[in-house]
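Remarks on the structure that follows.
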Amino acid sequence: MKSYLSTAIFGMGLILASCSAPHSEGPAYLDVNKPLEERVEDALARMTIQEKVAMTHAQSKFSSPGVPRLGIPEVWCTDGPHGIRPEVFWDEWDQAGWTSDSCTAFPALTGLAATWNEELAHLYGKSIGEEARYRKKTVLLGPGVNICRTPLNGRNFEYMGEDPYLAGRMVVPYVQGVQENGVAACVKHFALNNAESNRHTSNIHVDDRTLYEIYLPAFKAAVQEGNAWSIMGSYNLYKGIWCSQNPYLLNDILKKEWGFDGVVISDWGAVHDTDQAVRNGLDLEFGSWTNGLTMGKTNAYDSYFFATPYLEGLASGKYGTEELDDKCRRILRLIFRTEMSADRPFGRFTSPEHYEAARKIGTESIVLLKNDGILPVDASRMQKILVVGENAIRKMSVGGGSSSLKVEHEISPLEGIKARFADAQIIFERGYVSDAENVYNGVSAGDNLEESRSAEKLVEDAVAAASKADLVIYIGGLNKANHQDCEDSDRLTYHLSYGQDGLIESLAEVNRNLVVVNISGTPVAMPWVDEVPAIVQSWYLGSEAGTCLAAVLSGDVNPSGKLPFTYPVEYSDGPIKEEAQYPGLLEGNMGGVEAYDVPLHEMYYSEGVFIGYRWYETRNVKPLFAFGHGLSYTRFVVDGVKVDRTRISADDEVIVSATVRNVGDVAGAEVVQLYVQDNEASVARPSKELKGFKKVFLQPGEQKTVEIRLSADDLSFFDESAHAWKAEPGVFTLHVGTAVDKIWDQVEITLK
């Protein structure tokens, strides 16, 4: 391994002379039967200052050094969270050209959240963790749990919706599943990374109550319940300090309040200052020279903030060794939990079980938004089926930023429909052309998207074909190009691009048997909603996308997905209305926005806790589709709602129970959702807050009783003056429903 010291630092002979002498006894750090902390302390005592500092920063795009002299291996990271990123060159973003790194693509995390199924979250984590382990990765850079504050955020598709409780319940089993493979989950992006445009220069202003109630709970659940072994800091600023070197987030909250014992990893290029990074809680620095090896291949990594500048500060006495030892303890702990764990399995890659997991998660994620009886498709009556829309043929695993993948295979929606309805005549018309190239970082999706017809001719041909078809299935929405669903840029408009709204309206005029399938990772406007008899919300579903969609359209799988966010009618209906809330990024005002604009963009979360359904329900603003909404091909009834006690103290729990009955003709699943309302609060609180849910599968005529436990903690709000959670005595209404706007019954309890 090359030296990380300059000649000048060697000459100082100060702190560097404090290298520990070799131990005479056998190394405890190699003994897997020893307690973890004993192994950590033993290894730390054997390391030189040079080795310690080297361990805290990258040696390549995706790896950091171990300690070769002691047999401690390197740390290798891989992008997720939907699949294992293809290999890149040591010092570059470009593809390395491997032929063995084509992975399984799993559904995007908004799709996982839409399942409302914690068992599937564990299956997802376990499966992707196996793929990471097989590829010899130490850290999976995911999952993401940033809250959907606005539907314009370009990275919503990588996250788990607008509600902190739902995101928290889904992230815990995902993290546990990943780490069962001896691979560390790296939960991101901590914190307040709720916009992509100007993400490097946005300084977030948010009150403590909003921070703790909305933007931190999913991270806290990942740390305290999921036992996540690493956390990634975000690019933006909070209280004027970049989040990857922020003392309030990293030291005060993450490490002290929550007791996090893992590694804080910077986002790539998110470190700006050695002083702050050393003192404020960062442990491992990556990507500070992400524009290629600016300083040249011989010394680029020595120029990291945690490299030569850190060594010089140690040698001069500017920094002590306390912070350095804490960083190294955390990194060693990570390595002993992963690379040097005796229980680490071998993993597997692109296995039949992984494709089955992708299919199961994907089909259960699809949300039936509207159905006037046209679905499921009756193939005996619909012999001539027209499929319209570029998203029917576009492969979606490529693009979107760091989550872009190279896949072994990806079944498009059109391919899935043709395979499922093999006896019908399937016709395809493109209808529109996007401006997106289906290539990212040298990886091509392999689909031919060339088109010679004009935009007008495409619409004309699609409408003509629709007038002669028995059924029209429109498959459009967003894609993973810039200003669609994509890292580093936000959407320019809440409406669909490429003239899709007009195209859908034209199709509806000539054929009433129209199904619209929207593929996106975030809500979109649907001005044609009243003209279309059936609407399906799909997601970026990965390798098995077409198979999943065809299974739901045909009725082979009864849809059971529920929206993890609110669908407003128009963007202006939502809470983000002022320039100060979203500077330069309000709908229709984003042209020319650059990611690195200066000076800082001061962003004020003045809407407070009233985000998503909390806003719409409390303000009585009717959305297009509500949070938790999702239809089925069968019918359910929820009744018999009761509690085991009506008065509880701070130490008690109340059990809320309800009976769910399938009164339809086919098997299906329903999600019972519990919302809490504080009837007399001393602070402004939302009229409903999700505090529990259970998904139940029922045969026709079957019924089951579900139980949801509720404690005083679930009745609490964050009291800023006391910097603590507070449950005020009084009456609370518990709303039990199957969406936030579909409440079947309610009961009251009193907190003594």
Side-chain angles (χ1 to χ4, degrees), residues 116 118 163-173 208-214 216-218 220-221 223-226 257-259 608-610 613-614 617-618 627-628 638-660 670-696 704-752:
W116 290 60
E118 294 169 77
D163 183 74
Y165 182 85
L166 175 62
R169 299 280 38 88
M170 298 300 286
V171 72
V172 168
D208 277 359
R209 182 186 165 205
T210 301
L211 178 71
Y212 275 81
E213 289 190 24
I214 304 296
L216 294 185
K220 183 179 181 181
V223 168
Q224 295 193 331
E225 298 177 57
E257 288 187 22
W258 298 351
V609 299
F610 295 97
Y613 71 86
R614 288 168 168 78
E617 286 288 310
T618 307
F627 175 80
V638 179
D639 55 19
V641 176
K642 59 184 180 180
V643 293
D644 67 336
R645 63 182 70 187
T646 57
R647 294 175 63 84
I648 66 171
S649 66
D651 298 325
D652 292 334
E653 281 188 335
V654 59
I655 298 175
V656 186
S657 59
T659 300
V660 188
E670 183 58 283
V671 180
V672 178
Q673 303 165 31
L674 172 63
Y675 297 88
V676 169
Q677 178 181 358
D678 188 345
N679 294 335
E680 291 185 24
S682 62
V683 296
R685 299 192 69 177
S687 60
K688 294 189 184 80
E689 294 180 85
L690 181 71
K691 293 298 178 181
F693 62 88
K694 285 287 178 68
K695 192 166 195 174
V696 56
K704 290 182 180 178
T705 298
V706 300
E707 292 185 346
I708 299 173
R709 293 181 178 272
L710 204 67
S711 71
D713 288 345
D714 297 309
L715 310 178
S716 302
F717 64 90
F718 190 80
D719 184 346
E720 291 183 286
S721 61
H723 196 79
W725 290 90
K726 182 177 183 179
E728 294 179 327
V731 178
F732 294 80
T733 301
L734 310 182
H735 303 270
V736 178
T738 49
V740 73
D741 68 341
K742 189 174 183 180
I743 302 302
W744 287 87
D745 202 355
Q746 58 192 37
V747 292
E748 289 187 347
I749 62 171
T750 300
L751 178 65
K752 295 183 288 185

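Heads up: numbering here begins at 1 and tracks the sequence. Model, not experiment: these values are computed from the prediction.
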Run the ring-ring contact (aromatic ring centres under 6.0 Å, His included) check on W116 and F627 step by step: do they pass?
-> CA-CA 12 Å; W116 290 60; F627 175 80; 5.4 Å; yes
By side-chain hydrogen bond (donor to acceptor under 3.5 Å, both in side chains), which residues pair with E707, not counting sequence neighbours?
-> none
Scanning both residues in full, the closest heavy-atom pair of Y675 with K688 reads CB-CB, 3.9 Å
Considering all heavy atoms of both residues, which atom of A658 and which atom of V641 are nearest to each other, and what is their separation?
-> CB-CG2, 3.8 Å
Mind checking what makes side-chain hydrogen bond (donor to acceptor under 3.5 Å, both in side chains) contact with R709, not counting sequence neighbours?
-> E653
Could you give the distance from OH (Y165) to CE (M170), rounded to the nearest 0.5 Å?
-> 11.5 Å
Residues forming a side-chain contact (heavy atoms from CB on, under 4.5 Å) with K691, sequence neighbours excluded | V676, E689, L710, D714
Between A727 and A712, what is the shortest heavy-atom contact and its length?
-> CB-O, 3.6 Å
Between the CG atom in L690 and the CG atom in L674, the distance rounded to the nearest 0.5 Å is 7.5 Å
Least distance between heavy atoms, V654 atom then R645 atom | CG2-O, 3.5 Å
Name each donor-acceptor pair under 3.5 Å that joins a side chain in residues 731-752 to protein atoms two or more places apart or in another chain, with its distance.
{"from": "T733", "atom 1": "OG1", "to": "N679", "atom 2": "OD1", "distance (Å)": "3.3"}
{"from": "T733", "atom 1": "OG1", "to": "N679", "atom 2": "ND2", "distance (Å)": "3.0"}
{"from": "H735", "atom 1": "ND1", "to": "Q746", "atom 2": "OE1", "distance (Å)": "3.1"}
{"from": "H735", "atom 1": "NE2", "to": "Q677", "atom 2": "OE1", "distance (Å)": "2.8"}
{"from": "T738", "atom 1": "OG1", "to": "W744", "atom 2": "NE1", "distance (Å)": "3.1"}

Check side-chain contact (heavy atoms from CB on, under 4.5 Å) between A722 and all other residues, then give those that pass, not counting sequence neighbours.
-> D719, A724
Test side-chain contact (heavy atoms from CB on, under 4.5 Å) applied to T210 - qualifying residues, sequence neighbours left out = V206, D207, I214, Y215, V609
Minimal heavy-atom distance between R209 and P686, with the atoms involved, is NH2-CD, 4.4 Å
